[in-house]
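All values derive from a computational prediction rather than experimental measurement. In what follows, chains carry the letters A, B, and so on, assigned in the order in which the sequence lines appear, proteins first and then strands, with residues in each chain numbered from 1.
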2 protein chains.
Amino acid sequence: MLSDPFSHLPPTACRTIDTQKGDVLFRQDQTTSGLYLVVSGYVTLQRTGLGGDILTLHRAASGGLFAEASVFSATYHCDAICTEAGSVVKIAKADVLATMQSSPAFSQGFTRLLAVQVQQYRAHIELLAIPSAKERILVAVQAGYFDATVTELATRINLSHEACYRALRGLCNDGHMVRVGRGKYTLS
Amino acid sequence: MLSDPFSHLPPTACRTIDTQKGDVLFRQDQTTSGLYLVVSGYVTLQRTGLGGDILTLHRAASGGLFAEASVFSATYHCDAICTEAGSVVKIAKADVLATMQSSPAFSQGFTRLLAVQVQQYRAHIELLAIPSAKERILVAVQAGYFDATVTELATRINLSHEACYRALRGLCNDGHMVRVGRGKYTLS
DNA sequence: GAAAGCATATGATCCAGATCATAAGCTATC
DNA sequence: GATAGCTTATGATCTGGATCATATGCTTTC
């Protein structure tokens, strides 16, 4: 189940955790203890703004890794909340650091994972720069962002959910997308 | 001059390049040959949208590293353009990969740099989610984004330069900032 | 020192998206 | 099966920022 580089870790480094919807894996400013790999279900990384508004930074699906940067950080920088039941593997920070010392293969694999993250974030910043709501949604859907609810998509791409619904309808009218059911849209 | 982890690289891995304003270090989709460290001057990482609009992804100042992810990528994902004369050190991709195999200290140092990048991008995404122009600028200035022109700041935080000037004036009226000269503003 | 090019402003207008309001459908729970 | 809470959906209104226009100041260059 563990992806590539993690096979180099000692078995004791990993702990499987079953999650329920709404479970909190960690909160912002908590002391870091490790990083996580999603086995099944979904985990949302979010920050709560001063005004109480929720910002989704990342949504990790099956196979997705998150909080990798926590290995080099004293505290978590956002909240990790399970939006759907499933399970995650928690990998102890100390073991990651130790294995980086002993295994070049692990080191390189782990670094590659971080590099992928960097590229994903860059792509996301680019997406957020698209001024038109319709275009932004179209690109987001093409990039596979639309894997849950419309409301969830909206918060990820800095749109109100109303604007998101309207833009989706517009894209359907334009023939770029097709409505295939309540809250279900696909590219045409 | 080289920061921490790069002292583990063979001397031949690094090449110093003097840059003039406007110099292009690499362009999107070019084959990757290495990563860069800014010694002096500024390098902007940008992508040109389909409509010809320029999006600034990152701005590397003295001591800043960029294109680290290129080590694991076949092509560059954006353009690197020098916005001010100075010099950069180019570090060969092959040497980075080789040294990761041989030196755990380098590996860990390099990975830490990527982890920092991840956190910076996360913070940037958070910044972009701030709806009000005035607030967004205030946070950006506090985060040290305003190190060049107003126009440059505007493109980095997804605002028109007009909106940026107006918001700066507004922040001065509110007493949050002070205009200290033509195009110069500081926090009060 | 004239001309070109860019950053700095600021005013006027317009519109896309935020916000507010409303309602219906689906799910879970007691 | 009633209630609560959520997502979906759409209409009405309002506003903040984009866009367009204009002008001035600073640098660079020939």
Side-chain angles (χ1 to χ4, degrees), chain A residues 20-22 42 44 49 51-56 59 81-85 127-138 140 146-174 177-186, chain B residues 20-22 42 44 49 51-56 59 81-85 127-138 140 146-174 177-186:
Chain A
Q20 294 305 311
K21 186 174 173 179
Y42 287 93
T44 291
D53 49 310
I54 289 173
L55 167 66
T56 303
R59 201 173 125 85
I81 301 189
C82 305
T83 51
E84 247 162 88
L127 173 76
L128 293 177
I130 299 172
S132 143
K134 272 160 73 173
E135 265 185 72
R136 187 144 91 230
I137 289 177
L138 193 57
F146 191 11
D147 56 359
T149 67
V150 175
T151 302
E152 193 273 340
L153 173 68
T155 70
R156 278 170 84 183
I157 64 177
N158 290 357
L159 278 180
S160 68
H161 63 96
E162 295 96 327
C164 211
Y165 285 116
R166 266 185 267 271
L168 281 167
R169 185 167 48 146
L171 287 166
C172 290
N173 290 341
D174 298 350
M177 295 191 68
V178 183
R179 206 192 98 116
V180 292
R182 218 182 120 79
K184 305 281 174 194
Y185 302 82
T186 49
Chain B
Q20 294 304 310
K21 185 175 172 177
Y42 286 93
T44 291
D53 49 311
I54 289 172
L55 167 66
T56 303
R59 202 173 125 84
I81 302 190
C82 305
T83 51
E84 248 163 87
L127 173 74
L128 294 178
I130 299 173
S132 143
K134 273 160 74 172
E135 264 186 74
R136 187 143 90 230
I137 289 179
L138 192 56
F146 191 12
D147 56 359
T149 67
V150 175
T151 301
E152 192 272 339
L153 172 67
T155 70
R156 280 170 82 186
I157 63 175
N158 291 357
L159 279 180
S160 69
H161 61 95
E162 295 97 326
C164 211
Y165 285 118
R166 266 186 266 272
L168 281 167
R169 188 170 41 148
L171 287 167
C172 291
N173 290 342
D174 297 349
M177 295 192 67
V178 184
R179 207 192 98 115
V180 292
R182 220 180 118 79
K184 305 280 174 194
Y185 301 81
T186 48

**Message:** Nearest whole Å is fine: how far is C/dG17 C1' from A/Ile130 CD1?
**Reply:** 16 Å

**Item:** Interatomic distance where CD belongs to A/Glu135 and P belongs to C/dG17 [whole Å]
**Value:** 10 Å

**Request:** Using atom NZ of A/Lys21 as one end and atom P of D/dT7 as the other, report the distance to the nearest whole Å.
**Result:** 7 Å

**Request:** Could you check how far CZ of A/Arg179 sits from C1' of D/dT8, rounded to whole Å?
**Result:** 9 Å

**Carboxylate-amine/guanidinium contact B/Arg166 B/Glu162, below 4.0 Å** = no

**Prompt:** Nearest to the side chain of A/Arg169 - C/dG11, D/dA18, D/dG11?
**Reply:** D/dG11

**Complete:** Among D/dG17, D/dA9, C/dG17, the one nearest any side-chain atom of A/Ala133 is C/dG17

**Request:** Using a 4.5 Å cut-off on heavy atoms from C-beta on, say whether the side chain of B/Tyr185 contacts that of B/Leu171.
**Result:** no

**Request:** Hey, which sits more toward the 5' end of DNA chain C by its nearest nucleotide, A/Leu159 or B/Glu152?
**Result:** B/Glu152

**Item:** Which nucleotide in D/dT8, D/dA18, C/dT8 has an atom nearest any side-chain atom of A/Val150
**Value:** D/dT8

**Message:** Which nucleotide wins on minimum distance to the side chain of A/Glu162, given the candidates D/dT19, C/dA21, D/dA18?
**Reply:** C/dA21

**Complete:** Separation of D/dT8 atom P from A/Lys184 atom NZ, nearest Å, is 8 Å

**Asked** How is B/Ser160 classified with respect to the nucleic acid when contacts are heavy atoms under 4.0 Å: base, sugar-phosphate, or nothing?
**Response** base

**Request:** Kindly say if B/Tyr165 contacts the phosphate of C/dT10, meaning a side-chain N or O under 4.0 Å from OP1 or OP2.
**Result:** no

**Request:** Please check the phosphate of D/dT8 (OP1 and OP2 only) for any side-chain N or O of A/Thr151 closer than 4.0 Å.
**Result:** yes

**Request:** Return the minimal non-hydrogen interatomic distance between B/Glu152 and B/Ala148, and the atom names on each side.
**Result:** OE1-CB, 3.9 Å

**Prompt:** Quick one: is A/Tyr185 getting a side-chain N or O under 4.0 Å of the D/dA9 phosphate, OP1 or OP2?
**Reply:** yes

**Message:** Minimum heavy-atom separation for B/Gly183 and B/Phe146, please, with both atom names.
**Reply:** O-CZ, 3.8 Å

**Request:** Check every atom of D/dG25, D/dT8, C/dG17 against the side chain of B/Arg182 and return the nucleotide holding the closest atom.
**Result:** D/dG25

**Complete:** Between CD of B/Glu84 and C1' of C/dC6 the distance, given in whole Å, is 14 Å

**Request:** Starting from P on D/dA9, measure out to CG on A/Leu171 and report it in whole angstrom.
**Result:** 14 Å

**Request:** Consider only side-chain N and O atoms of B/Thr56 and B/Thr44, and report whether a donor and an acceptor are under 3.5 Å apart.
**Result:** no

**Item:** Length of the line joining B/Arg166:CZ and C/dA12:C1', which is rounded to integer Å
**Value:** 9 Å

**Prompt:** With respect to the side chain of B/Thr149, which nucleotide from C/dA7, D/dG11, D/dA9 is positioned closest?
**Reply:** C/dA7

